[in-house]
Engineer: 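I am attaching a structure below and will ask some questions about it afterwards.
Reminder, nothing fancy here: chain letters follow the sequence lines and each chain counts from 1.
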There are 2 protein chains.
Amino acid sequence: MPVHSRYLDIAGKIRTRIEAGEWEPGARLPRLDDFAAEYGANRDTVARAIAVLEAEGYVWAVQGRGIAVRYGTMRPRRPRGDLVKRNEHATGYSFPSASGQEVWVRHGAAINAPARLDDPRIAKLLGVEPGAQVLRRFRVTGPASEAPFQINISWIHPRVADIVADVDADPAAGEWLYRIERAGHWPISWMEIHRARVPSKEEADVLGIPASLPVLEIVRVGSSGSDGKPVEVTEFVVASDRVETVHVLHRDPGAQQPWADPV
Amino acid sequence: MPVHSRYLDIAGKIRTRIEAGEWEPGARLPRLDDFAAEYGANRDTVARAIAVLEAEGYVWAVQGRGIAVRYGTMRPRRPRGDLVKRNEHATGYSFPSASGQEVWVRHGAAINAPARLDDPRIAKLLGVEPGAQVLRRFRVTGPASEAPFQINISWIHPRVADIVADVDADPAAGEWLYRIERAGHWPISWMEIHRARVPSKEEADVLGIPASLPVLEIVRVGSSGSDGKPVEVTEFVVASDRVETVHVLHRDPGAQQPWADPV
DNA sequence: TAGTGGTCTAGACCACGTC
DNA sequence: ACGTGGTCTAGACCACTAC
């Protein structure tokens, strides 16, 4: 008694079976032809059902390889707060993006090179003209035991680029930020802008997620403590089903007790 | 020279035309048959292209009505911070969800009634057992001049439910929170958990968005100032392409200047 | 090269909004 | 009742991965 359309009905049935643990995360599902035979539907209809489950984060289908159950939806999302701490290097920082106990590693090579900043949105946040020459740091990080977790791109303002051009320490260390602060910008203050969007095809490939699965995009702006103007902008991109952010709301000074104490 | 598949190619062409302003937001696009004829593709292929643009927030297709260009992607997203202020009622609050200059109104009737809280996640945050009887406040709000902006569901803890059971003031007033605080829970402190997900069909219908467009889900937990335990949990659901959240990062007390001043 | 998912077509029928 | 988008099928072919 399908209350939905056929493919949504099939998607629902497969979703239930995944949640019931019929296949382990990482395991491969039956082929489209098998599902089609089992549910008495056309293979194309099953393919649409799988596309739904991809957008929801349940599975990841790759041509020639098969359909794998994803981990994201099955495990708790990683919390991400708004507190900046010192890390074990004492001069570096531990940002909320790296909170947690695991050791974060870099997946693949980091790229640290001059580049044109063409994105007008990022350029405005960094306080430069679109097309300006800046230092760009690209890296992909995540827990050592897992697939890549987040993409991480920093654009460093020209006025401090030469200070950090040769820094290539491990991703969580924040050594380059220390150098900027040491050079007269202490203390850097940070602001973040969060939003959800669909990934580009390149981002989806790097993160190993379906192109239809939304990502959380966080743009962090670091501003100099001396003149208040931006010194770096960093963009984080992470699969939306693998993270949730936690925020403590702050009271405006004017939002105090509105009644007189009955003293 | 399609570098993509046919339907992604068509989606790209239509996307470009929308961004170029060929159709005003709110206007109707040509029919599927027209696009099919224009691009020399099957109607079903065009329908897949439209589905892509729906998930990206560009259009909203409804059976029997046609395909309309959406506003969301074309205009700036609304910023949403983490500061709680007093509102014009002096005893109510203005939450970041309602920041901005517009007058927010309720779309349709508010529902304010006892209900079973079956969602285990919400129940845990409210500090009650799943299935517990709580007071539930449902409302849909947004700027007066626009379509519904966000869904807004509060679950009120049984220990304070009778205090606010009859309150039905306008959505931004926060009168019910004042009553709770007045009853011995001053000051309530709030924490938010943000994540992105796909909407349920019901949520998509209420918000007037495609079911494939991701939403931002914010769960706010308000805890009593007297015992620190939750008194209310409110869930906000808003189309992900209409909002971005802004957060100021805070320094841990230990993250101070790591070098000695050269006095 | 084999196997798997991805896409496309033509045609049919269904579902929903509007008149 | 009509017009529109939504879905489904059978069959074909393409694209990518793994061997």
Engineer: Taking CZ from B:F35 and C1' from C:dT9, how many angstroms apart are they, rounded to a whole number?
Structural biologist: 20 Å
Engineer: Return the value, rounded to whole Å, for the distance between atom CG of A:D34 and atom C1' of C:dG5.
Structural biologist: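 Roughly 13 Å, once rounded to whole Å.
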Engineer: What is the separation between atom CD1 on B:I10 and atom P on C:dT9, rounded to the nearest whole Å?
Structural biologist: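 Going from CD1 in B:I10 over to P in C:dT9 covers 7 Å.
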Engineer: Does some side-chain heavy atom of A:P148 sit less than 4.5 Å from a side-chain heavy atom of A:V140?
Structural biologist: yes
Engineer: Measure from CZ on B:R48 to C1' on C:dT9 and round the result to the nearest Å.
Structural biologist: 11 Å
Engineer: Under 3.5 Å, side chain of A:R15 to main-chain N/O of A:Y58, donor-acceptor pair present?
Structural biologist: no
Engineer: Is B:S5 close enough to C:dG6 that one of its side-chain N or O atoms is under 4.0 Å from OP1 or OP2 there?
Structural biologist: no
Engineer: For A:E38, is the CD atom crowded, meaning more than 12 foreign heavy atoms sit under 6.0 Å from it?
Structural biologist: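 Yes.
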Engineer: Residues two or more places apart in sequence or in another chain: which of them pass side-chain contact (heavy atoms from CB on, under 4.5 Å) with B:R31?
Structural biologist: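 Applying side-chain contact (heavy atoms from CB on, under 4.5 Å) to B:R31 gives B:D34.
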Engineer: Please determine, for the side chain of B:R28, which listed nucleotide (C:dG5, C:dT7, D:dT4) has the closest atom?
Structural biologist: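 Nearest to the side-chain atoms of B:R28, counting from C-beta on, is D:dT4.
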Engineer: Could you go through B:F236 and B:E217, starting from their C-alpha distance and side-chain angles, then the distance that decides it, and tell me whether this counts as side-chain contact (heavy atoms from CB on, under 4.5 Å)?
Structural biologist: CA-CA 6 Å; B:F236 304 87; B:E217 177 206 83; over 6 Å; no
Engineer: Starting from P on C:dT4, measure out to CD1 on A:I50 and report it in whole angstrom.
Structural biologist: 14 Å
Engineer: Would you kindly give the CG-to-P distance between A:L8 and D:dG6, to the nearest whole Å?
Structural biologist: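 After rounding, the gap between these two atoms is 12 Å.
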Engineer: Hey, is the side chain of A:T45 poking within less than 4.0 Å of OP1 or OP2 on D:dT7, counting only N and O atoms?
Structural biologist: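 Negative; the distance criterion is not met.
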Engineer: Considering just the side-chain nitrogens and oxygens of A:R31, establish if one lies under 4.0 Å of OP1 or OP2 belonging to C:dT4.
Structural biologist: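 So the side-chain polar atoms of A:R31 do come within 4.0 Å of the phosphate oxygens OP1 or OP2 of C:dT4, strictly under.
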Engineer: Have a look at A:R220 and tell me which of A:E235, A:E192, A:E232 forms a salt bridge (Lys or Arg N to Asp or Glu O under 4.0 Å) with it.
Structural biologist: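 Among the candidates, only A:E232 passes.
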Engineer: Please test B:H247 against A:H247 for side chain to side chain donor-acceptor pair (under 3.5 Å), starting from the C-alpha separation and ending with a verdict.
Structural biologist: CA-CA 8 Å; B:H247 308 277; A:H247 308 278; 3.2 Å; yes
Engineer: Measure CH2/A:W60 against P/D:dC16 and give the value in whole Å, please.
Structural biologist: 14 Å
Engineer: Please tabulate, one pair per line, each protein N/O and nucleotide N/O from nucleotides 10-14 of chain D that are separated by under 3.5 Å, including the distance.
Structural biologist:
residue	atom	partner	partner atom	Å
D:dA10	N7	A:N42	ND2	2.8

Engineer: B:R65 or A:D33: which one's nearest nucleotide on DNA chain C is closer to the 5' end?
Structural biologist: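 Taking each residue's closest nucleotide, the earlier one in sequence belongs to A:D33.
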Engineer: To the nearest angstrom, how far is B:I67 atom CD1 from C:dT18 atom C1'?
Structural biologist: 17 Å
